[in-house]
Amino acid sequence: RLNFGDCCNFLSRYLLSNFRDNCLWVDGGEESNEQEVIVIQDTGFTVKIQAPGTEPFDLQVSPQEMVQEIHQVLMDREDTCHRTCFSLQLDGNVLDNFAELKSIEGLQEGSLLKVVEEPYTVREARIHVRHIRDLLKSLDPSDAYNGVDCNSLSFLSIFTDGDLGDSGKRKKKGTELEQIDCTPPEHILPGSKERPLVPLQPQNKEWKPMQCLKVLTMSGWNPPPGNRKMHGDLMYLYIVTVEERHVSVTASTRGFYLNQSTTYTFNPKPANPSFLSHSLVELLSQISPAFKKNFTALQKKRVQRHPFERIATPFQVYSWTAPQVDHAMDCVRAEDAYTSRLGYEEHIPGQTRDWNEELQTTRELPRKNLPERLLRERAIFKVHSDFAAAATRGAMAVIDGNVMAINPGEETRMQMFIWNNIFFSLGFDVRDHYRELGGDAAAHAAPTNDLNGVRAYGAVDVEGLYTLGTVVVDYRGYRVTAQSIIPGILEREQEQSVIYGSIDFGKTVVSHSKYLELLEKTSRPLKVQKHSVLNEKNDMVELCSSVECKGIIGNDGRHYILDLLRTFPPDLNFLPVDGEDLPLESQHQGFPRQHRHRLACLRQELIEAFVEHRYLLFMKMAALQLMQQKANKDTKTDTPAITETSETSTENIVDTSQTKSTTPDSVNATEGKELEESIPGLSQAKELAASLVAEDGSDPKSREVVLNACKAVGSICNTSFDIRFNPDIFSPGVRFPDDSADDVQKQKQLLKDAAAFLVSCQIPSLVKDCLDHSALPMDGATLTEALHQRGINVRYLGTVLEFVDKTPAKAQLEHFYRIGISELITRCAKHIFKTYLQGVELSALSAAVSHFLNCFLSSFPDAVAHLPPDELVSRRKSRKRRNRVPGSGDNTAWASLTPSELWKNIGSEAQSYYHFAIQCESVDQVVEKYGLQKTNLLREISIKTGIQILIKEYNFDSRHKPAFTEEDILNIFPVVKHVNPKASDAFHFFQSGQAKVQQGFLKEGCELINEALNLFNNVYGPMHVEICACLRLLARLNYIMGDHPEALSNQQKAVLMSERVLGIEHPNTIQEYMHLALYCFANGQLSTALKLLYRARYLMLLVCGEDHPEMALLDSNIGLVLHGVMEYDLSLRFLENALTINTKYHGSRSLKVALSHHLVARVYESKAEFRSALQHEKEGYTIYKNQMGEAHEKTKESSEYLKYLTQQAVALQRTMNEIYKNGSNASIMPLKFTAPSMASVLEQLNIINGIIFIPLSQKDLENLKAEVQRRQQLQELGKNEEPSEDSPLELEDKIPID
């Protein structure tokens, strides 16, 4: 197991051996747009390494790396992994661990580095023992199940039998290809109703641990007494070998040796023989033959595993299921638990980390050129992931009652904690701070709002403006906010510290020129309007943020801002204000609605979308006026340029745009439509308008045009387009000066328009994207992501579902509706579970959780809770209940919950929070009514609340006994929200690579994406979601360019990484499995391809059930592969299922359905059932003819195939007749039954997966590129303008070209 920091460096070499490191591009700042090219000379060289007792070996190194990275490589190599305490020497000189190789004199190609054993210290001895323990546990998955040390699960190797070399190729037996077993397990077949849980974690044969030792722990004789210290004793270990030999070992400065102590008598003298060895492994190999044999075998296996299976992930991923793992003795874990790992783990001996200093210092690193930026981003990312891990551990310790409060005298809810230089507070309304805003509900929402603010300011990254490290942890029903500490803040009262903003929501306000200057730089990117408010003395105070945003100068002289919970403007749909009416579109949908708290904000994505939408409107208006001016000039009449009329007409335009699209039919209606039709050559006008905006407005006519357009779209500036929001509008307690009444009115209108825009444009556009399958959510997480990308908050889920309900094409949105309902129900259950858990004391936790799950999911009508036996329930009722830890509620109210009561609560929660009516009294009614599956609900609620359950088959439907017992609840994990720092340069490369690929420049695209991969690795280390996307795209490009083995290798990495970073059953992981199967098939590994597809189908059934458009694609893939291996009956089951699903979700006239018919027809042809084949091909032919016309090649192909089938059918009929007529002596013409060729199957696989190879001549290529570029320019101009027909949505199929 490698720790994350060390492996960043070491792995970049380990994995990227095939990437070139020579040429990097850098953006030369805003001014110079030409991209300067920096060449980083990074030619590697080879050194020889000589370790004691081994042959010298060669190692490829690069001048950039540090000596320490060679240490890491040696500690990982099979033959040197047992050494940790050594130095590297060149010609007798010890190399400095932190020196870069290029700075070392005399180090060159072919130099010999000697590994020299060094004397131990206590720290080195501990590191050695810990490393040996890691080596012994390297194949043991228990750390991944327990969510420790950034380990997580991966199962790919089980399906590919280890590495993807030649596994799964069909062997030739004589002349015949051997048959491979293709029958999937029963539960994977189409139409199967059972959804077993156990296959989610297939048993890995590798994980059966090879036992090397029975026990390795610290001895009870530690620490060594003074006189033994002076003999060099550092610590004592107690070991039991597999052969049952009990030994006591001394770790001394010279190494490890056996001493004569026993369990009860201390005798530190060396035993005879003492087997003194520098490494513990060498010692154990001498005294235990079993250790020697098994340890060697274990290391062989460890080194064979793919590095991606064992590298630490940057953030912890938790598994919601786990098998029952035996609890083994483990000295390191035991020591970790009791020596609060502070000083040790941080590698800075004897001091805790100053998180704030680290977080801020990394931000201050220089960023002028690419190498500097990479270094800076890498440092920022590393500190963030460490901080998130430490904050999570601290938050759990706080809730588990292991941290002393800094105000122990106060009531539990009010307590605050400091641990490891991190400040922790609970999500309750302390001292009625949020009383006006919704009490505890507001106090619970504020931390996530604040985190979004921190994320936004962090992304803008203004030099000199600092935010706190912030992590929000939900654990055992409590919300804990962890923050880094501003230096000096604890010594002063808050009133003295705050020099900008307000501590009482606007009653008293102060401002500060330096803060204004810094915040001004964030005003444009964050769309925050600079504004004035009145303070308690009625003086004007200027702000450039919301009033709650406080500025504090720390003792380190840095300018910090905190409490960013109102960075984004309020959401008026959920903020009823007396005397203010929302636009009609909102009112029609039943807004404004009462919400739990008054902190509901619009999302940043919505603000961006709204501003872009307004910008288009602005361009159109300017264009319209210009056209009119031009027309007036041409007719030479002196009619005044439209000013009066433009005011009214533009107002109208805005209105029509918004009212029109409220009816679900006209999702397509875009605003300003009449404009489009009435203006020929809108694009020229756009160019005109653009040039006009660029001018300095010297021409009075054009100035007027811009002025009118600005007014119409609500721009804050009259000479150019600029929309910003004032976040303090509608904040209770904030007063504005009289002379800004106009502005305030404008801002109010803008907020109302934005709220209406969410309801009338964003929700319909989400539904439209689901209809044309450009958005395909599969589970709660991907649904939430789809909402968030469009700026829709989850509190709108009920509104979205109602909108779907009223859509004419509702049948094609069934999958979306079902996922939405299950998300809504599990979120309501989560809200209830949160308060339910707060009243449970620790000893009853598993009983309470299992009881809740029984009430939620089990059909057993009277679930009874098992109370823990009396002697365990605390008898503290009489005593004052002040100093309890947050989780020691000594009541058993939770035990009285009944299923009917819980479902009633879920119903009322859905009504009050989401304003959505669920009519149901029990889980079975819900499952029946909305077509949900219980395993799916279990998965969603477990992931949302952090429950980990035992993996076994649960009988949810028994009416006689509950599904869960307390033994089934294995753990409860934190759910963590934190900032994800980005690798900006890498991301730009990735985007330009994608753009190149879309323009058809595959080779250039490939190079850019390789470069991006390099930079991502540089910043994030080897494991990250974005690297996963990079690898997937790279694999696809390799495949299209015909390099199948390379495609396989990259896609294998993508699958492993997706499993490790996102989770083994995350929708993205399912997609990665599908891609990998395709490349395996192309590489001739048929059985592996099938295993992978079956795995993908199993996961998909578990996550979203069979009725989902994506299932059609999966089943077509499975059907085609089965057709290729001549399993015709099985193949038909999958292909016919795909046909059904395609018909349901794409409509019977779709080209996808035509293709499905054709695939089914081909299998019938192979079975010689020509009548059925003809029937299906005719269906397909009709669709092609209607959609594409007679002359289209698809139609012609289909008609040819029909002819061929007819001939075959006739020939077959003749033969049959011949047999009937002449009996056994008939002369039979041999019939041609063709098993499909692999090439033809692969061709169809490529088509359904959207990969089309077009054989093109050079000239065709040139034309295609020109055409693509032309289209892109058009798109740039008319962004977001859809062809606006008013017809109800008919979904056109676009033939996918990748």
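Here, residue 1 is the first one in the sequence, and each next residue gets the next number.
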- prompt: Hey, are S152 and R1060 close enough side-chain-wise for a donor-acceptor pair under 3.5 Å?
  reply: yes
- request: Compute whether any side-chain donor of one residue and acceptor of the other, for E1177 and H1158, lie under 3.5 angstrom apart.
  value: yes
- prompt: Does any N or O in the side chain of S1049 come within less than 3.5 Å of the main-chain N or O of P1045, such that one atom is a donor and the other an acceptor?
  reply: no
- prompt: Is any side-chain heavy atom of N1014 less than 4.5 Å from a side-chain heavy atom of E1011?
  reply: yes
- line: Heavy-atom nearest pair, V1055 first then E1072, reads CG2-O, 3.6 Å
query: Are the side chains of L1130 and P184 in touch, meaning some heavy atoms are under 4.5 Å apart?
result: yes
- prompt: So do the side chains of Q1244 and I1247 get within less than 4.5 Å of each other, counting heavy atoms only?
  reply: yes
query: Is S1058 reaching over with its side chain to a backbone N or O of A1054, donor-acceptor style, under 3.5 angstrom?
result: no
message: Just so I know, are the side chains of T1143 and S1148 near enough to count as touching, which here means a heavy-atom distance under 4.5 Å?
response: yes
query: Rounded to the nearest 0.5 Å, how far apart are CD1 of I1064 and CD of E1059?
result: 7.0 Å
field: Step-by-step salt bridge (charged side-chain N to carboxylate O under 4.0 Å, His left out) determination, D1129 to R1133
entry: CA-CA 7 Å; D1129 294 334; R1133 287 185 71 169; over 6 Å; no
- prompt: For the side chain of S1198 and the backbone of K1194, is there at least one donor-acceptor N/O pair under 3.5 Å apart?
  reply: no
field: Spacing of C182 atom SG and L1090 atom CG [to the nearest 0.5 Å]
entry: 5.0 Å
message: If you apply the rule side-chain contact (heavy atoms from CB on, under 4.5 Å), what do you find for E1110 with I1070, and how did you get there?
response: CA-CA 10 Å; E1110 199 63 1; I1070 302 178; over 6 Å; no
statement: On a heavy-atom basis, the closest approach of I188 and F1134 is O-CE2, 4.2 Å
Contacts of E1179 that satisfy salt bridge (Lys or Arg N to Asp or Glu O under 4.0 Å) - sequence neighbours left out: none
field: Where Y1073 and L156 come nearest, the two heavy atoms and their spacing
entry: OH-CA, 3.4 Å
query: Okay, side chain of S1199, backbone of T1195: is any donor-acceptor separation there less than 3.5 Å?
result: no
query: Quick one: does R790's side chain get under 4.5 Å of E605's, heavy atoms only?
result: no
- prompt: Rounded to the nearest 0.5 Å, what separation is found between the CZ atom of F989 and the CZ atom of F1016?
  reply: 11.0 Å
query: Step by step, would you call Q1175 with Y1164 a side-chain contact (heavy atoms from CB on, under 4.5 Å)?
result: CA-CA 10 Å; Q1175 199 181 334; Y1164 275 121; over 6 Å; no
message: Once you measure the plane-to-plane angle for F987 and F990, does it fall in the parallel (<30°), tilted (30-60°) or perpendicular (>60°) bin?
response: tilted
field: Side chain to side chain, F1081 and L1093, heavy atoms closer than 4.5 Å
entry: no
message: Run the side-chain contact (heavy atoms from CB on, under 4.5 Å) test on H1192 and Y1184 for me, step by step, so that the C-alpha distance in whole Å, both residues' side-chain angles and the decisive distance to 0.1 Å come before the verdict.
response: CA-CA 8 Å; H1192 194 277; Y1184 284 133; over 6 Å; no
query: Can we call the ring centroids of H1075 and Y1039 under 6.0 Å apart?
result: no
message: So does S1237 get a backbone contact from the side chain of S1240, meaning a donor-acceptor N/O pair under 3.5 Å?
response: yes
query: So, are D1115 and R1097 salt-bridged, with charged N and O less than 4.0 Å apart?
result: yes
- prompt: At their closest point, which heavy atom of L1078 faces which heavy atom of I1251, and how far apart are they?
  reply: CD2-CD1, 3.9 Å
query: In Å, rounded to the nearest 0.5 Å, how long is the span from CG of L1034 to CG of L1013?
result: 6.5 Å
task: For this output row, return yes or no: ring centroids of H815 and Y1145 closer than 6.0 angstrom.
output: yes
message: Closer than 3.5 angstrom, by distance alone: can the side chain of D779 be matched with the main-chain N or O of T782 as a donor-acceptor pair?
response: yes
query: Are any of the side-chain heavy atoms of Q812 and K1144 separated by less than 4.5 Å?
result: no
- prompt: Any side-chain heavy-atom pair from N1137 and E1106 closer than 4.5 angstrom?
  reply: yes
Straight-line distance of M1111 CE to T1140 OG1, nearest 0.5 Å: 12.5 Å
message: Test side-chain contact (heavy atoms from CB on, under 4.5 Å) on K982 and V1019; report intermediate values, then the result.
response: CA-CA 9 Å; K982 288 275 172 271; V1019 173; over 6 Å; no
query: Counting distance only, does the side-chain N/O of Q1187 pair as donor-acceptor with the main-chain N or O of R1149 below 3.5 Å?
result: yes
field: Any donor-acceptor pair under 3.5 Å from N1083 side chain to Y1079 backbone
entry: no
task: Taking all heavy atoms of G1147 and all of V1153, pick out the closest pair and write down the distance.
output: O-CG2, 3.4 Å
query: Among R1162, E1165, K1196, which residue meets the side-chain hydrogen bond (donor to acceptor under 3.5 Å, both in side chains) test with Y1201?
result: E1165
- request: Report yes or no: does T1069 contribute a side-chain atom to a donor-acceptor pair with the main-chain N or O of E1065 at less than 3.5 Å?
  value: no
query: For the atom pair CG (L1056) and CE (M1023), what is the distance rounded to the nearest 0.5 Å?
result: 7.0 Å
- line: Between H1157 and G1180, the two heavy atoms sitting closest are CB-N, 4.1 Å
- prompt: Does E1007 come within less than 4.0 Å of K996, counting only side-chain N to carboxylate O?
  reply: no
